[in-house]
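Quick notes on the structure that follows.
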Amino acid sequence: MSEQQPFDVAKIVLSVVTRFPRNEVFAHMAKHHPHCPPDIRDHIVKEVCNRGWVRTTLGQAVGIVSQNHIRHRSTNYERALSNTHHSYYAELRKKTNRKATEIIKSWPAKKSQE
């Protein structure tokens, strides 16, 4: 078994922190997730803009915030977490992530049927 490498704070501190402009995040949501409900869209845009991102693309940032928001607001994750032994945490998160992914996949524009 390999030994875990020590955490190098200097690399993180020296990494470039990206802040995405609101208009870019909003445009990304409009293009890639046009069916996202406005209240959820506004929350995602705000959260992505308010955070500094290290080595993360705009799409990845939107995905991370979307998954977190849906997991905590649109699934039974919070309630189940409080009633679950810590050994089942990974299983619970995997289950709720599937549900969150299904919800997010419903947001893209539907292809026109010609």
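Just so you know, residue 1 is the first one in the sequence shown, and it goes up from there. In what follows, every heavy atom counts, from backbone to side chain, and hydrogens, waters and symmetry copies are set aside.
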Enumerate, atom names and distances included, each donor-acceptor pair closer than 3.5 Å involving a side-chain atom of residues 21-30, sequence neighbours excluded.
none

(request) Flag the pair His69 / His43 as yes when at least one side-chain heavy-atom distance between them is below 4.5 Å, and no otherwise. (result)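 Yes, at least one pair of side-chain atoms sits under 4.5 Å.
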
(message) Looking at every heavy atom in both Phe20 and Thr57, which two are closest together, and how far apart are they?
(response)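 Shortest heavy-atom contact: CZ-C, 3.6 Å.
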
(message) Given the ring of Trp53, does Arg55 sit roughly above its face, with NZ or CZ under 6.0 Å from the centre of the six-membered ring and within 45° of the axis?
(response)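 The answer is no; the distance or angle limit is not met.
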
Please report the interatomic distance [atom1]([X]) to [atom2]([Y]), rounded to the nearest 0.5 Å.
| X | Y | atom1 | atom2 | value |
| --- | --- | --- | --- | --- |
| Asp39 | Ile44 | CG | CD1 | 9.5 Å |
| Cys36 | Ile70 | SG | CD1 | 7.0 Å |
| Lys46 | Asn50 | NZ | CG | 6.5 Å |

(message) Taking side-chain contact (heavy atoms from CB on, under 4.5 Å) as the definition, give me every residue that meets it alongside Gln67, ordered by chain and number, with sequence neighbours left out.
(response)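 Listed in chain order: Arg71, Asn97, Ala100, Thr101, Ile104.
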
(message) Any side-chain to backbone donor/acceptor pair from Ser66 onto Ile64? Under 3.5 Å, distance only.
(response)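 No; zero donor-acceptor contacts below 3.5 Å.
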
(request) Not counting sequence neighbours, which residues clear side chain to side chain donor-acceptor pair (under 3.5 Å) with Thr18? List them please. (result)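 For Thr18, no residue satisfies side chain to side chain donor-acceptor pair (under 3.5 Å) once neighbours in sequence are set aside.
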
(request) Please step through side-chain contact (heavy atoms from CB on, under 4.5 Å) for the pair Val48 and Leu58, ending with a clear verdict. (result) CA-CA 8 Å; Val48 169; Leu58 175 55; 4.2 Å; yes

